[in-house]
Amino acid sequence: MLVVTEETCSNVITREDAFTAVEGVFAAMASGEASNFPVIREAIGHADALYGFKSGFDRAHGVLGLKSGGYWPGNEKRGLTNHQSTVFLFDPDTGRPQAMVGGNYLTAMRTAAASAVSIRYLARPDARVLGMVGAGFQSAFQMRAAAAQREFEKVIGWNPHPEMLSRLKETAAELGLPFEAVTLERLGAEADIIITITSSFAPLLTLDHVRPGVHLACMGSDTRGKQEVAAELVAAAKLFTDEVAQAVSIGECQHAVAAGLIEEAQITPIGTVVNGMHPGRSSPDEITLFDGTGVGLQDLALASVAASAARSRGLATELPL
């Protein structure tokens, strides 16, 4: 069995690798060649942590496995990433373990890649202003991935804790883009693309905040009760997601469904747009929203790429079973 460390993952996986892997997973899911298994995610009653498992099988790419991990909100004070996870890959022909791969860097990369896929396929081609809601660890990955999809002229941002906005400013400077901290009202009025990446349990953006034609990538809601945008905004948008079952149960769409504002049938898997089975955006004034709940197949796909690259470059440790 191969052991691939976090450091090795960061050395062998690029944004292009992540985008290609996640795009391929979405396509395989839409064509019926890959499926996720039910998610387990629960509060453990210790350290305010959420812990669980995501698993699945991608027949198209021969990838079987699971990601084990969760969210420890006190980790940043310890100099650690709040999200902690490990990916385990298994041989689909025999069930034997193939690899244990550090999952923190891969989670950040695949989450950013998912929103980037939505931007490529759903955002207006002339989008020039990127709005960032959230300034945590994941926000830098999100901004870098988004910047590869459109020719932005500036980035504007808001965070519930303003002292953290320096991360957005520094990342924008790295990309050669001006950055301005703004109110949520200004962000919604000016941004062509908005990425929400918070751990909020109450809506931050409302329908009144945003303008026609905006694309929203809502990437923070992945647990029952989490919410970043108002249910009325969800109901007003053309809706896409990584997996419909998760969107209605743990994603941003859960609240609009519970309120009776939308039905499950109104939510389209992004893979059908990737495959050319759905046209995606139909007009420049349409509000599009991608509900990125995070599916296990994304983690498995990127872990498989990392394991293969680490083996070929002699950067993985091989252990006998």
Side-chain angles (χ1 to χ4, degrees), residues 13-39 54-65 67 92 106 109-127 142 145-146 148-150 193 195 213-219 222 234 237-253 257 262-284 286-305 308:
I13 292 294
T14 66
R15 281 194 295 277
E16 292 76 17
D17 292 330
F19 187 97
T20 300
V22 170
E23 184 183 43
V25 161
F26 289 156
M29 289 171 60
S31 64
E33 294 182 285
S35 59
N36 294 282
F37 306 147
V39 174
K54 290 184 176 182
S55 183
F57 177 44
D58 184 344
R59 185 176 292 102
H61 300 97
V63 179
L64 172 70
K67 181 174 82 166
L106 298 186
M109 292 294 281
R110 65 83 158 151
T111 306
S115 65
V117 169
S118 81
I119 290 169
R120 176 173 293 187
Y121 286 95
L122 299 174
R124 297 195 328 267
D126 63 347
Q142 290 286 334
Q149 304 306 316
R150 292 293 186 272
I193 294 170
I195 298 174
V214 69
H215 172 65
L216 297 110
C218 299
M219 307 304 296
D222 58 0
V234 173
K238 193 170 192 176
L239 301 172
F240 301 85
T241 191
D242 40 22
E243 185 167 72
V244 174
Q246 288 192 184
V248 301
S249 59
I250 63 173
E252 197 61 49
C253 291
V257 170
I262 64 168
E263 297 180 355
E264 184 174 319
Q266 294 174 248
I267 309 169
T268 301
I270 188 71
T272 62
V273 184
V274 174
N275 283 347
M277 300 160 60
H278 188 284
R281 172 179 290 276
S282 59
S283 75
E286 194 168 46
I287 297 173
T288 55
L289 186 150
F290 174 69
D291 187 353
T293 65
V295 295
L297 287 172
Q298 297 170 345
D299 301 289
L300 304 184
L302 210 48
S304 179
V305 174
S308 178

Output all residues satisfying side-chain contact (heavy atoms from CB on, under 4.5 Å) with [X], sequence neighbours left out; order by chain, then residue number.
| X | value |
| --- | --- |
| Ser31 | Glu33, Asn275 |
| Ala301 | Ala21, Val25 |
| Pro92 | Phe57, Leu64 |
| Thr268 | Phe240, Thr272, His278 |

Atom pair [atom1] ([X]) and [atom2] ([Y]), whose distance is rounded to the nearest 0.5 Å:
| X | Y | atom1 | atom2 | value |
| --- | --- | --- | --- | --- |
| Arg120 | Ile270 | CZ | CD1 | 11.5 Å |
| Arg281 | Tyr121 | CZ | OH | 16.0 Å |
| Ser35 | Arg59 | OG | CZ | 7.0 Å |

Please identify each residue that fulfils salt bridge (charged side-chain N to carboxylate O under 4.0 Å, His left out) with [X], with sequence neighbours left out.
| X | answer |
| --- | --- |
| Lys54 | none |
| Glu23 | none |
| Arg124 | Asp126, Asp192 |
| Asp222 | Arg41, Lys226 |

Q: Please report the C-alpha distance between Ile119 and His215 in whole Å, then the side-chain angles of each, then the deciding distance to 0.1 Å, and finally whether the side chain to side chain contact (heavy atoms under 4.5 Å, CB included) criterion is met.
A: CA-CA 7 Å; Ile119 290 169; His215 172 65; 4.0 Å; yes

Output yes when a side-chain donor or acceptor of [X] lies under 3.5 Å from a complementary backbone atom of [Y], and no otherwise.
| X | Y | value |
| --- | --- | --- |
| Asp242 | Thr293 | yes |
| Asp58 | Ala34 | no |
| Lys238 | Gly280 | yes |
| Ser304 | Leu300 | no |
| Asp299 | Leu106 | no |

Q: Apply the test side chain to side chain contact (heavy atoms under 4.5 Å, CB included) to residues Leu239 and Val234: give CA-CA distance (whole Å), side-chain angles for both, the deciding distance (0.1 Å), then the verdict.
A: CA-CA 7 Å; Leu239 301 172; Val234 173; 3.8 Å; yes

Contacts of [X] that satisfy side chain to side chain donor-acceptor pair (under 3.5 Å) - sequence neighbours left out:
| X | value |
| --- | --- |
| Gln266 | none |
| Asp291 | none |
| Arg150 | none |
| Gln142 | Ser115, Gln138 |

Q | Evaluation steps, side chain to side chain contact (heavy atoms under 4.5 Å, CB included), between Thr241 and Cys253 | A | CA-CA 9 Å; Thr241 191; Cys253 291; 5.9 Å; no

Nearest non-hydrogen partners of [X] and [Y], listed with the distance:
| X | Y | answer |
| --- | --- | --- |
| Leu302 | Met109 | CD2-CB, 3.9 Å |
| Gly65 | Ser55 | O-OG, 2.8 Å |
| Asn36 | Gly296 | OD1-N, 3.3 Å |
| Ile193 | Ala123 | CD1-CB, 3.6 Å |
| Val274 | Ala27 | CG1-CB, 4.1 Å |

Q. Stepwise, does the side chain to side chain contact (heavy atoms under 4.5 Å, CB included) test hold for Val295 with Met29?
A. CA-CA 11 Å; Val295 295; Met29 289 171 60; 4.2 Å; yes

